[in-house]
Undergrad: 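Right, I'll just put the structure down here and ask away after.
As a basis for the values below, the full set of heavy atoms in this structure was taken, side chains included, without hydrogen atoms, waters or symmetry mates. This is a predicted model, so every value here is computed, not measured.
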Amino acid sequence: QVHLVESGGGLAQAGGSLRLSCAASGRTVSGLTMGWFRQVPGKEREFVAGVSRVGRATSYADTVKGRFTVSEDNAKNTLYLSMSVLKPEDTAVYYCAADPTYTFDKSQELSPGFYDYWGQGTQVTVSS
């Protein structure tokens with residue numbers, strides 16, 4: 001029902017910046033809970049940042065707070081993740097996720113299991 005396509009990944013130096021894009025189709029981004037997750041081989045997929053279906057409230061993992069910013073462009077139906085002051089530990093495959101569920105328990109939106117729709121992922125590599 002919802003198709004997501006990430007782009008914008010690549011190689012960056014420590015301290016540099018990248019902006020990831022998540023183009024959505026099938027549903028409008030503004031009517032969905034949207035999340036960014038990342039995963040390193042051999043480790044669990046972890047929450048990075050998101051925008052809730054409930055009031056468009058944003059949330060961030062402590063590890064990226066102050067460095068990453070999630071935003072939306074409704075005209076383009078696209079979600080963005082602006083990343084700055086990149087660190088080698090930010091290296092991962094970054095995934096965009098979406099779900100239409102309206103929930104008052106915002107902690108649910110931090111779990112990968114909450115989301116029904118996922119993009120293919122885009123690699124971000126930060127060199128030291």
Undergrad: Going by heavy atoms in the side chains, are Y60 and V70 under 4.5 Å from each other?
TA: yes
Undergrad: Hey, are the side chains of K106 and T33 touching, using non-hydrogen atoms and a 4.5 Å cut-off?
TA: no
Undergrad: Do R38 and L81 come close enough that some side-chain heavy atom pair is under 4.5 Å?
TA: no
Undergrad: Below 4.5 Å, heavy atoms only, C-beta onward: do L86 and Q13 meet side chain to side chain?
TA: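 No; the side chains remain at least 4.5 Å from each other.
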Undergrad: Hey, are the side chains of E109 and S59 touching, using non-hydrogen atoms and a 4.5 Å cut-off?
TA: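 No. Closest side-chain heavy atoms not under 4.5 Å.
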Undergrad: Do F114 and L79 share a hydrophobic cluster, counting only Ile, Leu, Val, Met, Phe, Trp and Tyr and linking them when any side-chain heavy atoms are less than 4.5 Å apart?
TA: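 No; L79 is not reachable from F114 via cluster members.
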Undergrad: I'd like to know if the side chain of R67 and the backbone of V85 have a donor-acceptor N/O pair within less than 3.5 Å.
TA: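 Between the backbone of V85 and the side chain of R67 there is a qualifying donor-acceptor contact (under 3.5 Å).
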Undergrad: Quickly, which of T58, T78, N77, V51 forms a side chain to side chain contact (heavy atoms under 4.5 Å, CB included) with E72? Name it, please.
TA: V51
Undergrad: Would K87 and D90 pass as an ion pair if we require N to O under 4.0 Å?
TA: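 Salt bridge flag = no for D90 with K87.
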Undergrad: Looking only at heavy atoms, which two atoms of G8 and L18 are closest? And how far apart?
TA: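 Distance-wise, the nearest heavy atoms are O-CD2, 4.0 Å.
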Undergrad: Measure the shortest side-chain to side-chain distance between Y115 and T101 over non-hydrogen atoms and say whether it is less than 4.5 angstrom.
TA: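 Not in contact.
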Undergrad: Taking the side chain as every heavy atom from C-beta outward, state whether C96 and M34 have any atom pair closer than 4.5 Å.
TA: yes
Undergrad: Does any N or O in the side chain of Q39 come within less than 3.5 Å of the main-chain N or O of A92, such that one atom is a donor and the other an acceptor?
TA: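 Not a single qualifying donor-acceptor pair exists.
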Undergrad: Consider ring-ring contact (aromatic ring centres under 6.0 Å, His included). Of Y95, W118, Y94, which one does F37 pass it with?
TA: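 The passing option is W118.
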Undergrad: Roughly how far, to the nearest 0.5 Å, is OH of Y117 from CG of D99?
TA: 7.5 Å
Undergrad: Taking the side chain as every heavy atom from C-beta outward, state whether Q120 and E6 have any pair of such atoms under 4.5 Å apart.
TA: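 When only atoms from C-beta onward are counted, E6 and Q120 do touch, with a gap below 4.5 Å.
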